[in-house]
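A quick write-up on the structure given underneath.
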Amino acid sequence: MVKFDKKKVKALHRKIHEWYEKNRRQLIWRTTTDPYTILVSEIMLQQTQVSRVQEKLPLFLKKFPAFQQLAQASRADVIRAWQGLGYNNRAVRLLSLVKIVVNDYQGKLPSNIEKLQQLPGIGRYTAHAIVCFAFKKRVPVVDVNIQRVLSRLFWKMSAPFQMKRSEDIWRFAEKILPRDAFRWNQALMDLGALVCTARQPSCTVCPVAEFCTSSNRIGTVKQKRSMVSKKKSEPTYDGIPQRIWRGRLVEIFRCVNGKGTISMPHLGKAIKPTFTKREVPWLDRLVQTLQQDGIVDRVGNNVMLAHE
DNA sequence: GATCCGTGGGG
DNA sequence: TCCCCAAGGAT
């Protein structure tokens, strides 16, 4: 743990808030504290770029304006509405989460971290984000941006992707949390997204460079992402990662109208033009993984988006 | 702790 | 072209 310099922290609060008022991003989910809207936006934002959520969130909200409407939707509907966002698991979990809220919580999202984190698709980050942004509670929020910003500010970092352990950052974020946690957390995320970026931080325009332990030091050590967390090669078939095959398969169903049922051989051809019946076992396993995730249903030789 | 889960854009 | 990344979570 770095030594806790109270003056430095106070100066940081002032400088960063000042910067935030002038430079903050206009994000639609910042203009509301409606728990449903915040929930949907936070799920969408998991590992997904802000610009994409800005585009897709209004469409989703128009189709499913509140807990009630979403709870009554079928999985297929929600998965279709998830188009372009990736990680379809999230759509499935969001639906089951919302059903729990309607059935067990009288249609009101829990406002405490422990209960939120029990719900499917909500982990530590999202639980804290909801509590802070929807219920205005004074809690820390640590996403990859904030982890990076605080790592650089308080520990000496020389390589772009080098970061302090997440657990240490959570503890530290708690300690330096100012009164207005909402504004502070949003400000730190904006700073991370706009100035203190992963690859090449703009230390020359950073409002807190004078307090930063790593200022103008990032990149001193050559390092690739792959060196930090030795990225393993993912499972592939025919040179293409399995998650891409899965994505293609789901995308086929999004484009299908009517009953939306496709037979296995047709499905094979649809996602792989060179598909032969010799590859049926592979397709079988692929469909099975999607089945296990609750994304598709299978009846005999026919596959469709999950209903319920 | 490592691995899996999509998609689209930037360098 | 290829590699990397993006408001993480579940197993």
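Everything numeric in this text was worked out from a predicted model, so none of it was measured.
Distance from the side chain of A/Q49 is smallest for C/dA6 among the nucleotides C/dA6, B/dC5, C/dG9.
Heavy atoms of A/I43 sit nowhere under 4.0 angstrom from any nucleic acid atom. Residue A/T126 is in sugar-phosphate contact alone, with no base atom involved, counting any heavy-atom pair closer than 4.0 Å across all strands shown. Within the nucleic acid shown, A/L85 comes within 4.0 Å of at least one base atom, counting heavy atoms only. Contacts of A/A198 with the nucleic acid, taken as non-hydrogen atoms under 4.0 Å apart, involve only primed sugar atoms and P, OP1 or OP2. Residue A/G123 is classed as a sugar-phosphate contact, given heavy-atom separations below 4.0 Å to backbone atoms only. Residue-level contact check: A/P120 touches the backbone only, with heavy atoms under 4.0 Å from sugar-phosphate atoms and none from bases. Using a 4.0 Å heavy-atom cutoff across all strands shown, A/Q46 reaches sugar-phosphate atoms only and no base atom. Residue A/R148 is classed as a sugar-phosphate contact, given heavy-atom separations below 4.0 Å to backbone atoms only. Residue contacts for A/D293: at a heavy-atom cut-off of 4.0 Å it reaches no nucleic acid atom on any strand shown. A/Q186 comes within contact range of at least one nucleobase, with a heavy-atom separation under 4.0 Å.
One atom, CD of A/Q47, and another, C1' of B/dT7, lie 12 Å apart when rounded to the nearest Å. For A/Q242 and B/dT7, the CD to C1' distance is 17 Å, given to the nearest whole Å. Atom CD in A/E234 sits about 12 Å away from atom C1' in C/dC3, given to the nearest Å. With rounding to whole Å, A/I28 atom CD1 is found 15 Å from C/dA7 atom P. The CZ atom of A/R93 sits 8 Å away from the C1' atom of B/dC5 (whole-angstrom rounding). Distance A/W170 CH2 to C/dG8 C1': 11 Å, rounded to the nearest Å. Separating the CD atom of A/Q147 from the P atom of C/dC5 is a distance of 14 Å, rounded to the nearest angstrom. With rounding to whole Å, A/R52 atom CZ is found 4 Å from B/dG8 atom C1'.
Nucleotides B/dG6 and C/dT1, compared at atom P, are 25 Å apart to the nearest Å. With both ends at atom P, the span from B/dG10 to C/dA7 equals 14 Å, rounded to whole Å.
A donor-acceptor pair under 3.5 Å links the side-chain atoms of A/R75 to the main chain of A/G294, judged by distance alone. Checked by atom type and distance alone, the side chain of A/S151 pairs as donor or acceptor with a backbone atom of A/K164 at under 3.5 Å. Formation of a donor-acceptor pair under 3.5 Å by the A/S74 side chain with backbone atoms of A/D77 is found in this model.
For C/dC4, its base sits under 3.5 Å from the side chain of A/R199 at one donor and acceptor pair at least.
No hydrogens or angles considered: a donor-acceptor pair under 3.5 Å links the side chains of A/Q83 and A/E251. For A/R246 and A/T289, the side-chain atoms include at least one donor-acceptor pair closer than 3.5 Å.
Linking ILVMFWY side-chain heavy atoms closer than 4.5 Å, directly or via other members, places A/Y87 and A/L45 in two distinct hydrophobic clusters.
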